[in-house]
Amino acid sequence: MFPLGFSTLGCPGEPLDHVLELAKGSNISGLELRTADDEFTHLGLTATERRELRTRIEDAGLEILAVNSYVKLCAVEEQPLEAHLELAADLGARGVRVFPGDDAGDDAGDDAGHRRAGGDSEAPTAGEIRALDRVTSAPKDSRILLETHDSHSAGSKMARLCRLLDAEAPGHNAKVIWDSAHTWSHGETPAEAYDLLKPWIDFIQIKDEDSTQGYQPVPIGSGDYPIADLLQTIQGTDYWLSLEWELKWHPHLPPLAEALPATLTWLS
């Protein structure tokens with residue numbers, strides 16, 4: 001069994017006590033901490049509050065996989081990347097989750113057939129150049145964890161961005177959170193996405209989706225995400241798997257207390 005974590009996106013607004021209880025009861029050893037003003041993890045935490053939060057999570061035997069920000073690395077607008085990296089360092093997190101958020105490469109303007117054919121140019125967009133500048137100038141105390149999301153949901157696009165970082169910023173501290181459902185919804189099998197992203201993967205997010213309903217998140221086991229193919233693809237590795245339970249955005253989903261045991265069954 002791979003080490004398993006979950007995102008607090010699945011229990012929005014709940015206190016730390018509730019999160020720790022969920023983890024304790026479900027064989028969970030890692031957390032992604034959604035970072036927002038309405039959560040117990042936010043940029044306004046004092047130094048004392050940060051120490052207390054870190055201590056409580058560490059004392060529970062849990063690792064913080066990521067501080068989940070809403071920073072868009074490719075965006076034109078100023079982004080609070082450094083503040084989130086400082087928070088991650090203070091909490092002892094592996095890194096800061098960021099989105100690509102490249103308007104020039106947004107999926108809304110893509111033809112689905114083109115995406116599935118993998119027709120990506122190697123020429124960087126202006127947004128990818130902005131991402132390169134931000135990665136180059138960012139403090140290196142914590143990793144920048146790029147999620148396969150929005151403009152770079154496809155593994156082919158994320159791999160292109162990572163190759164740019166490797167070529168132009170050797171020794172950079174950016175890695176990839178592979179949202180395995182996003183790459184699948186963009187026409188890549190788990191094996192294909194893994195081959196594209198393998199050099200940069202930090203950990204893997206999982207969830208179930210229904211391809212007949214526009215790849216909407218659904219209760220674990222009721223969709224058609226090929227979890228067996230994913231597990232076979234990464235067999236022999238020690239990647240963390242993290243349940244990204246999007247209850248905050250999809251309130252029709254069952255609570256995390258039900259999703260976690262269902263996930264353990266799904267993975268077995």
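Source: prediction; values computed, not measured.
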Does the side chain of [Y] come within less than 4.5 Å of [X]'s, by heavy atoms?
{"X": "Ile144", "Y": "Lys175", "result": "no"}
{"X": "Thr136", "Y": "His172", "result": "no"}
{"X": "Val71", "Y": "His84", "result": "yes"}
{"X": "Val96", "Y": "Asn68", "result": "no"}
{"X": "Pro100", "Y": "His149", "result": "yes"}

Scan side-chain atoms only and decide if [X] and [Y] contain a donor-acceptor pair under the 3.5 Å cut-off.
{"X": "His152", "Y": "Glu147", "value": "no"}
{"X": "Asp224", "Y": "Ser211", "value": "yes"}
{"X": "Ser7", "Y": "Glu244", "value": "no"}

Do you know the tightest heavy-atom contact between [X] and [Y]?
{"X": "Ser153", "Y": "Thr148", "answer": "O-CB, 3.6 Å"}
{"X": "Gly155", "Y": "Leu196", "answer": "C-CD1, 3.8 Å"}
{"X": "Lys207", "Y": "Ala181", "answer": "CG-CB, 3.9 Å"}
{"X": "Gly30", "Y": "Leu62", "answer": "N-CD2, 4.1 Å"}
{"X": "Thr183", "Y": "Ser180", "answer": "OG1-O, 3.1 Å"}
{"X": "Gly10", "Y": "Leu247", "answer": "O-CD2, 3.3 Å"}

Is a side-chain donor or acceptor of [X] paired with a backbone partner of [Y] at a separation under 3.5 angstrom?
{"X": "Ser142", "Y": "Ala89", "result": "yes"}
{"X": "Asp208", "Y": "Ser222", "result": "yes"}
{"X": "Glu188", "Y": "Ser156", "result": "yes"}
{"X": "Glu168", "Y": "Asp166", "result": "no"}
{"X": "Gln213", "Y": "Asp210", "result": "no"}
{"X": "Ser185", "Y": "His182", "result": "yes"}
{"X": "Arg34", "Y": "Glu39", "result": "no"}
{"X": "Arg97", "Y": "Val67", "result": "no"}
{"X": "Thr8", "Y": "Cys11", "result": "no"}

*Should we say atom NZ of Lys140 is surrounded by more than 12 heavy atoms from elsewhere, each under 6.0 Å from it?*
yes

Can you hop from [X] to [Y] via hydrophobic side chains spaced under 4.5 Å?
{"X": "Ile28", "Y": "Ile220", "result": "yes"}
{"X": "Leu9", "Y": "Leu253", "result": "no"}
{"X": "Tyr239", "Y": "Leu243", "result": "yes"}
{"X": "Ile234", "Y": "Ile206", "result": "yes"}

Are any of the side-chain nitrogens in [X] or [Y] under 4.0 Å away from the carboxylate oxygens of its partner?
{"X": "Glu52", "Y": "Arg56", "answer": "no"}
{"X": "Asp202", "Y": "Arg94", "answer": "yes"}
{"X": "Asp38", "Y": "Lys248", "answer": "yes"}
{"X": "Arg160", "Y": "Glu128", "answer": "yes"}

*Apply the test side chain to side chain contact (heavy atoms under 4.5 Å, CB included) to residues Asp179 and Ile204: give CA-CA distance (whole Å), side-chain angles for both, the deciding distance (0.1 Å), then the verdict.*
CA-CA 6 Å; Asp179 184 323; Ile204 303 168; over 6 Å; no

*What about Phe6 and Trp245, are their ring centers closer than 6.0 Å?*
no

*Check: Phe203 ring centroid to Trp178 ring centroid under 6.0 Å*: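 No, too far apart.
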
*May I have the step-by-step check of ring pair (Phe, Tyr, Trp, His ring centres under 6.0 Å) for Trp184 and Tyr225, ending in yes or no?*
CA-CA 8 Å; Trp184 176 63; Tyr225 178 77; 5.3 Å; yes

